[in-house]
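Data first, discussion second: the structure below is written as structure tokens.
Any value given below was found using the heavy atoms of this structure, including those in side chains, with hydrogens, waters and symmetry copies removed. The structure presented is a predicted model; accordingly, all values stated were derived computationally and were not measured. The chains referred to below are lettered A, B, ... by the order of the sequence lines, with proteins before strands, and numbering in each begins at 1.
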Amino acid sequence: MDLQTMTYLVVGASFALYIGIAIWARAGSTSEFYVAGGGVHPITNGMATAADWMSAASFISMAGLIANMGYGGGLFLMGWTGGYVLLACLLAPYLRKFGKFTVPQFIGDRFYSKTASTVAVVCLLTASITYIIGQMTGVGVAFSRFLGVSSEMGIYIGMAIVFAYAVFGGMKGITYTQVAQYVVLILAYTVPAIFISLNLTGNPIPQLGLGADMAGTDVSLLTKLDQVVTDLGFGKYTTTTAGSTLNMFVYTLSLMIGTAGLPHVIMRFFTVPTVSDARISAGWALVFIAILYTTAPAVAAMAKLNLHATVNTAVMKGGDIMAPEASLQYEERPDWMKRWEKTGLLKFADKNGDGRIQYYNDKSKNADFNAKAEAAGWKGSELTVNADIIVLANPEIALLPNWVIALVAAGGLAAALSTAAGLLMAISAAVSHDLVKGIFKPDISDSGELMAGKISMAIAIVIAGYLGLNPPGFAAGTVALAFGIAASSLFPAIMMGIFSKKMNKEGAIAGMIAGLAITLFYVFAHKGIFFIKGTEFVDAIGGANSFFGITPEAFGAVGALVNFIVAFLVDKMTKEPPEHIQHMVENVRIPRGAKAVDGAH
Amino acid sequence: MDQTGQAYWSAVLGLLGKILAIWFVVSFGAGILFADALNGIKLGGYPLGFWFAHQGSIYIFIALIFYYAKAMDKIDRKFDVHE
């Protein structure tokens, strides 16, 4: 069977499965719509959380980023997993005990203030909408690459599929679909990794293969890779950091607290039956996430080595890496390179006109290396490799059968769709529950609110689809912004709401606004006001990354710190929260008396 | 908060302190600040600091959450506030 037919078949089967689950899991009440009836088993919830969490970016782009960054890429691995420790110990069980449907509802009740909950809704909507733009474009890209349809068509198909199970099934439909999507995406990620690890090291477990010797030699894979990349003028793979050590530290911390503060992740913990389940469920979520996240660095290093070995025969055979005959002749390149050249993800420009591919670091600061490259007649790196290739072309580079390639397509789509659905859920709950019921129409009936939930979900899908079709110029910077907002506004507010009995509404509101404002200020200074080109004011703050060399993506942790400090200062100057609020906090801290989650105000 | 409530909460905070200390040491400590120094030690083919950043800290995070969940259940029962 040819690749295209096989891909249609596998992707079609996975979609049929999702729709089947949607029909089975229709939501009949607000409790089913918002929190899947509150009866989801902790392991099931863990799996759904993992699918919710791992987006198209985790699936398609992360390994490529790590391959480019080397050791420094570890900040994504630690940042996007370490947040679950914070979530499990600091937030999830207490929010579950609180027993309401949404994050803004907790903030509004705990800080006895509609203003506080409105600020939280604004933060939530900004974070979720910016995040979903990336997911919708990811859906389009995945469809167009795998199925050969246009990216617009891909977004329409994606919208229709998500509509089918999210609008009718709500959290219940989303949860059980996400479980299926997790299974698809994790198989798609690990199967090629197992083959590639077996191939290079003889060890079928990629996590062990990465630390093993190259098959048939006594040189370890990482030593070999370090050797190859330094020979080609790159920094050493196992030690190159992302900017300064301080930047890597702050970046990792920002991703961790951003992860813990993202509302679509927090919401998932409202679906389990008890407080104790919420704790253990965070552990299961991390187990399922870790299967992908510990495989990713192996995929990154191995695919990088394979790529260099493909274009330079001296990489595996030994000998002079700069000898003219070591570089691959362009006419003899393998089929997968030809296929990916058509998509523009791989580009070759024969700068020195020798008909061979030289792929190396032409911006090396090592004078010795530059002299050698010049002497060898190398006139600049001739291959431009998009980072996504590392995962997308992985099965082809390793010459795996067509069904594995088709599976990767289904996996990429599952990752994008499951995250989009989780975000839509958070958006729709904030609109129908926190805005419509909480502020505009408090006397709405349960069935009226369910209808409002479904309508706002449908509208959210249309808006997300529209933004996916017409991505604003700032699409690339938005995921960093979502994490920055979650880290600097929502995480500190929730944490202080639980761990400080005396924190009052003035402190919490001032903290959220200050944290958000300083983060936006720093991000906008680098990327333009509301990401409009030409409005950057980076000189006004003393140049790029002027705050101790910290990049705007890494700034969320600083925003969170500002939030905490401002909140405590304002809190000290204003009067303490009323007695019943302090009792409420005491009550939230104790598991006993947890009841089914409901939405009553 | 009554006496038991206060004792319960300080037991919880004590556990949290320990969990977060390990969380910090494995990721920010071993994975970032001391990675260079640890890279001198090898774990199979892995330099140790690199291993903590790309593998080890994630495994330890998982262990931490399950340990935390178990220890919390114990504390809940001890102070009779379990569900």
Honestly, the part of B/I60 sitting under 4.5 Å from a heavy atom of chain A is neither
Answer with side chain, backbone, both or neither: which region of B/I32 has an atom nearer than 4.5 Å to a non-hydrogen atom of chain A? both
With a strict 4.5 Å heavy-atom criterion, list every residue of residues 283-298 of chain A that contacts chain B, or say none. A/G283, A/W284, A/L286, A/V287, A/A290, A/Y293, A/T294, A/P297
In terms of heavy-atom pairs under 4.5 Å with chain A, which of B/Y8, B/F79, B/F52 leads? B/Y8
Looking only at heavy atoms, what is the nearest atom pair of A/D218 and A/D213, with distance? CA-OD2, 3.8 Å
Which portion of B/Y67 sits near chain A, non-hydrogen atoms under 4.5 angstrom: neither
Chain A contact via B/I19 - which portion, at a heavy-atom distance below 4.5 Å: side chain
Do B/S27 and B/F61 come within less than 4.5 Å of each other through their side chains, counting heavy atoms only? yes
From the list A/G593, A/G74, A/C89, A/A594, the residue making the most non-hydrogen contacts under 4.5 Å with chain B is A/C89
Mind ranking A/M248, A/M256, A/K97 by heavy-atom pairs under 4.5 Å with chain B and telling me who comes out on top? A/M256
Any chance you could measure A/L208, atom CG, to B/Y46, atom OH, to the nearest 0.5 Å? 7.0 Å
Quick check: do A/I498 and A/L90 have side-chain heavy atoms less than 4.5 Å from each other? no
Are side-chain heavy atoms of B/W9 and A/F499 found at a separation under 4.5 Å? yes
Which of B/D36, B/L33, B/V12 touches chain A most, by non-hydrogen pairs under 4.5 Å: B/L33
Would you indicate whether the side-chain heavy atoms of A/Y189 and A/V299 approach each other to under 4.5 Å? yes
Between B/D80 and A/R592, is there a side-chain N and carboxylate O pair less than 4.0 Å apart? yes
All salt bridge (Lys or Arg N to Asp or Glu O under 4.0 Å) counterparts of A/E576, not counting sequence neighbours: A/K502
Residue pair A/T49 / A/Y84, side-chain heavy-atom distance below 4.5 Å: yes
Return the option, out of B/A53, B/A35, B/G49, B/P47, with the maximum number of heavy-atom pairs under 4.5 Å with chain A. B/A53
B/N39, part contacting chain A, at a heavy-atom distance under 4.5 Å: side chain
Engaged part of B/Y59 at the chain A interface, taking heavy atoms whose separation is under 4.5 Å: side chain
Can you tell me which portion of A/L246 sits under 4.5 Å from chain B's heavy atoms? Options are side chain, backbone, both or neither. neither
Is there side-chain contact between A/V585 and A/V588, with at least one heavy-atom pair below 4.5 Å? no
B/L15, part contacting chain A, at a heavy-atom distance under 4.5 Å: neither
Are any side-chain N or O atoms of B/D73 and backbone N or O atoms of A/S276, one a donor and one an acceptor, separated by less than 3.5 Å? no
Count the heavy-atom pairs under 4.5 Å between each of A/T239, A/T245, A/T223, A/L210 and chain B, then report the option with the highest count. A/L210
How are the rings of B/F28 and B/W23 set relative to one another: parallel (under 30°), tilted (30 to 60°) or perpendicular (over 60°)? perpendicular
